[in-house]
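Each ligand, and each atom within it, is numbered from 1 in the order the structure gives. The residues of the chain are indexed from 1 along the displayed sequence.
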Amino acid sequence: MEYLIFNIGEIATLNSGDISKPLSGVEMYDREKLVLNPGNGILISNGIIKKISEEDELIEEFAPDYSNGKSDILNLVNAHGKAIIPGLVDCHTHLLWTGDRSNEMQMRQKGYSYKQISELGGGISRTVKSTRKASKEELISVGNQRLDQASLNGTTTIEAKSGYGLSVDSEIKLLQASTEINSQKCNLLPTWLGAHDFPSDKTKDEYIDELINLQLPFISDNKLAKWVDVFCEPGWYTLEQTEIIVNAAKELGLKSRLHVDEFVDSNGLTLAAELGSVSADHVGFSNLDSRAKAHASGTMQVFLPGTPYVLGKNLGDGINDCLENNWNFSLATDFNPNCQSISLPFVASLATHRLGIDPLAALVACTRNPASTLNSELKLDVGSIFEGGPADINILNSKFVDYWCQTPGVSPISQTFFSGFTV
Ligand code: NIG
Ligand code: FE
């Protein structure tokens, strides 16, 4: 199947330098290097971007019979002057769970903290109760509905964590469900998060023993997850417990992406850097020294501003600190029962409208940068638009690429291609 997209506005190719590497600081909003002016076309062949070049040249070479926007040789797609951005990459979601915790909002408004709500039987353990009862088929079905929403908002690659099972059988069920979701709309990459909380029917030591001796070996033997994750936070997993679990996973050949410093700075980000984690996520409260260490060790800092937003908290200075200090960072949705937005344009709107981040920098943080933490598990590098790369692209509803994160609550996308097919 060949497509030639023509009549395009700006194209955010984001393909400067070595596309497998993330960008930082001013590189993230260098329009000269990252954005093409109107007048270019994109040729897609068998799911791959075959050529990006001046529209007239492409038409002459590949659609010589062109007349009035039509050709019998290939499919012409008129972008109507609208801008194009890469398929979006969401590197942190809790995609699969069932249940409803919307009544916890009242508790938050009365002043109960996340920890207090969890001690009263709400929070993660409440979602665990409902998720354990769900069949694999139900989980696949809710997963597909959520992927539809992600796709409507331009996502073409998504990471999905387990973590609402907290037992051997139910963690496996969650990971099998993610593996069996056969989405024609995006790449789905599963992460094991058996260490999301502690189940009520075991002591902490018993559960950690189960994680290391039963869950992790099964996950690794059956290739059910690409990475492991631990909720490293005072009140959940300590630094020591996190280290033990991550090291056990390493011995099985599994790398880590960690939840750290979400509510307080416990030096979780420094630990992630020392353990060589692929990414450290939340990092809202991490100190500057940890941030510098993470950058130096190649650990991506992933900010999840949707979470402080729904918890009624300040979005923090971390994103701007990273941008000013040239430290790599990404943005992701953290879609979960508390934070039910699976829209990267919304997350980027928070960064742009509330924190003053340049829309183009926010785009790099939702595409090329998170892709650099996931590409090792994909056949072709996602996150930017380049010849030979996968045809994962979004046509916006505006001629300007900056539009992509300026319609909070409404999708900015008019059409998405995933692997060369229209979604
Ligand atoms: O990343 N903080 C840990 N896990 C999720 C929230 C889990 C939940 O509240 O169900 C997060 O925000
Ligand atoms: Fe999370």
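A donor atom on one side chain and an acceptor atom on the other are found under 3.5 Å apart for Q215 and Y207.
The shortest separation from a heavy atom of P337 to ligand 1 is under 4.0 Å, placing the residue in contact. Residue contacts with ligand 1 do not include W97, since none of its heavy atoms lies under 4.0 Å from the ligand. For I124, the heavy-atom gap to ligand 1 drops under 4.0 angstrom.
With a heavy-atom cut-off of 4.0 Å, E233 does not touch ligand 1 at all. Counting heavy atoms under 4.0 Å from ligand 1, residue Y164 touches it through the side chain alone.
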Task: ring-ring contact (aromatic ring centres under 6.0 Å, His included) between Y164 and H196, intermediate numbers included - done: CA-CA 8 Å; Y164 290 107; H196 197 190; 5.0 Å; yes
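Here's the thing with T307: none of its N/O atoms is less than 3.5 angstrom from an N/O atom of ligand 1.
The nearest N/O/S atom of H94 to the Fe ion (ligand 2) is NE2. As for D334, its N/O/S atom nearest the Fe ion (ligand 2) is the one called OD1.
Here H259 meets the criterion, with an N, O or S atom under 2.8 Å of the Fe ion (ligand 2). Distances from the Fe ion (ligand 2) show that D281 has no N/O/S atom below 2.8 Å.
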